[in-house]
Amino acid sequence: MHTCRETSPENYRTGHDTDSIRRSFLDSLYFVQARFPEVATRNDYYLALAWTVRDRLLRRWIDTAGTYYREASRSVCYLSAEYLPGPHLRNALLSLGIEEAVRQALVGLGLDLDDLADQEPEPGLGNGGLGRLAACYLDSLATLEIPCIAHGIRYEFGIFEQEIRQGRQIERTDKWLHLGNAWEIPRPEIAYDIGFGGRTEHVLDALGRRRVRWIPEHMVKGIAYDTPIPGYRVANVNLLRLWSAEACESFDFEAFNLGDYQRAVEEKIASETISKVLYPNDEPAQGRRLRLAQQYFFASCAMQDMIRIYRQRADTMEGLADKFVVQLNDTHPAVAVAELMRLLVDERGMDWAPAWSLVRRIFGYTNHTLLPEALETWPVDLFASVLPRHLEIIYEINQRLLDEVRARWPGDDARIARMSLIDETQGRRVRMAQLATIASHAVNGVAELHSRLLRESVLRDFFELDPGRFTNVTNGVTPRRFIALANPGLARLITDTIGEGWLRDLERLRDLEPWAESADFQAAWRQVKLSNKQRLARYAGQRAGVLVDPETLFDVHVKRLHEYKRQHLNVLHLISRYLKLKDDPGLDLPPRTWFFGGKSAPGYHLAKQMIELILGVARVVNNDRSVRERMRVVFLPNFSVKNAELIYPAADLSEQISTAGKEASGTGNMKFALNGALTVGTLDGANVEIREAVGEENFFLFGLTEDQVSGIRAAGYRPRDWYEADPDLRAALDALAAGHFSPGNPDQFRDLLDALLSWDTFFVLADFAAYGRAQRQADDAWLRAGDWTRKSILNTARCGRFSSDRAIREYCERIWQVQPVHVGAAGDP
Ligand code: 26W
């Protein structure tokens, strides 16, 4: 078997020097894009560049795959229904270390790298935090040389494009693939048949053992599309394997001959629907049939693919858990548990017990939310109609679980009812979090507070059943994209100050601490921040049509719109400040610009109202001559990874104001702090750990703690009392109710107001005054420029632990027990 090393064209096709890059760029333009300069479009040039860079990634992927194969290394299978990788080109150049060589190669051809890079569409295959975290983790897995295949769905249409029209969010279809995608490699031969519906047959096999055969009603084909995921300055390139659904028979010729053209393509349409579009909901679970089909589709492809790769070198299944560990990114892929049991027991003939112990050793489960409406449960009848065999397997798992619980807690029927995988209370539903938990050897939350609340509430009974299974891995973010790519000015200043190496060892940022006192360094630090603010101001002018002064305090609140994230608390404070300035223009409040950004799930009415409220207030404040020199409000449309890279480096103040106990972790909070923004926030999610890291004096804390919130809730919370008791709050809410920010439509915000004054689920009114005090602390600190800059430097210096490299190292040690595999790179200079 010849190895690839001798035959591969180690020359300009993969060289890292400017000449090789220019030659292979022109080659790609002529022979892949089939274009020549006179007629080539910007997209042609972008794609030609993408092919050129992709070849260099594939060079490394071949070395990686070869090494992993030779070393029979243990691998991670990361299963996630969502990925938000962001544009690939610039990250690939950074990882390969060829940005400058490419920039020179293009200049020589009269082309500009940044101009071409802007052409790349963003793969918006996720809603928010969960999807972006998965992408950060893939970057760290490759950078830490950990063998990994990440599985997901190749949605034809990703998260909608958000447009703002007449003060409202409009959703536009995301056609990310329409100009082609140079970063994926179609793998038509890596394909699996996926069954749906039908029935099961219980038979006795030749040895008289009970066997079950599933006869699906529908079959769909799952096709793999591979995207190379490069590590930073290592030769390892892992794979993101996204599955696309196709019809087993995409054209029914017989129907066509009968002139029934519709039926001829019916199956094709039905099948492709499965990977057609991403569900744009972030939190509220909608028990849609297609959603379950999507989840099973990629879970089955992933499990069948894992077994295929395993069986390339083993013919009995016993060693499967030595070679693979599977991480469930929330419950969305949790049906993979029942699928692996089906493949091991029904297809491979294993007995239940050994199969189950394999499954337990293989799976790990990460929970990302405590919101009851986000914990997935499926109606048993829906489950039975889509996945009849898997329901039987879940019943069997449940039976054995409840037998164990009964043995431990005889007569404790309440505990049995709470722990059963089948919720009998609301018309029999399958509890996916409980299924994932009982099938995993490790269950983790994504921040210390969240993991504690998980043990004490949602999964309390399972914690009592087996405490050793529960752990915490606080989230992290990749410094490659969110510092080096997004904030090159800061990256240069840091390297000039503490030397190279910090991008792979972020704790080294701590070496910046001594410089926090230096006036020169502070001035350089402020200069970097100012040029990032000027860049964002230009963007805001273009995309939101609002003129922004970069000298003002940039107060930034960007994340999905959700009541628990309390964008409306921010706006209420903003309104209060506006009314006060109207009353007393002499108030000594430093000029501030409020930036908001984020999408609302299309069906989430109150979240959409919050966007309208922000836009309504912006229109009034920005056009009010008496205040607009000191207050400006901007809603940045279509928040995404691409424009987030402009936003995080430009922020002075990061808004992390969720109700304590609701935000599992947050990751934007980490990106802001690492880029030198100070946080105004509650003791929620990872805010707690950020405040511990940076020091309480460098964090504007406010609000009820999780304990206090549950205390008030238990005692009975009457939001109207707070309205009555606080004149500032009353003035702001009254102005809203009076239609001050919705001229001609006074009732526009009725629902939002009613929700606040009647039940205020997320304690906005209760935290209003404290939030105002924290904001005044921020004003005062801002007026002491030197002090603010010092705090900003210390935030960056002390947040190295929030690197996704640290998080992945913890997963490797605590959950996956996988070791790095160093890949010697051929052809690399
Ligand atoms: C079924 C609908 C649905 C879709 C997505 C339910 C739940 C989700 C995700 C779990 C929501 C999500 O993105 N959660 C966020 O995950 C981040 C990464 O761990 C955390 O930092 C955020 O706090 C959490 O809200």
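Order of appearance sets the numbers: ligands from 1, and atoms from 1 within every ligand. None of these values were measured; they are calculated from a predicted model.
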Practice task
For ligand 1, find out whether one of its N or O atoms is nearer than 3.5 Å to an N or O atom of Y564.
Solution key: yes

Exercise for the section: Would you please determine whether G666 falls within less than 4.0 Å of ligand 1 on a heavy-atom basis? Expected result: yes

Problem - Short N-O contact, R566 and E663, less than 4.0 angstrom - result: no

Practice task
Kindly confirm or rule out an N or O of N475 lying under 3.5 angstrom from an N or O of ligand 1.
Solution key: yes

Practice task
Kindly identify the option in L130, L371, D684 whose heavy atom sits closest to atom 16 (O) of ligand 1.
Solution key: L130

Practice task
Counting heavy atoms only, name the option from M670, H332, K559, R560 that's nearest to atom 8 (C) of ligand 1.
Solution key: H332

Practice task
Please check if the side chain of N643 supplies one atom and the backbone of S640 the other of a donor-acceptor pair under 3.5 Å.
Solution key: yes

Practice task
Using a strict cut-off of less than 4.0 Å between a Lys/Arg side-chain nitrogen and an Asp/Glu carboxylate oxygen, indicate whether D139 and R481 qualify as a salt bridge.
Solution key: no

Handout entry: S665 N/O to ligand 1 N/O under 3.5 Å
Key = yes

Practice task
Ignoring angles and geometry beyond distance, decide whether A664 reaches within less than 3.5 Å of ligand 1 through its nitrogen or oxygen atoms.
Solution key: yes

Handout entry: Donor on one side chain, acceptor on other, Y78 and N329, under 3.5 Å
Key = yes

Problem - Region of T366 engaging ligand 1 - heavy atom pairs below 4.0 Å - result: neither

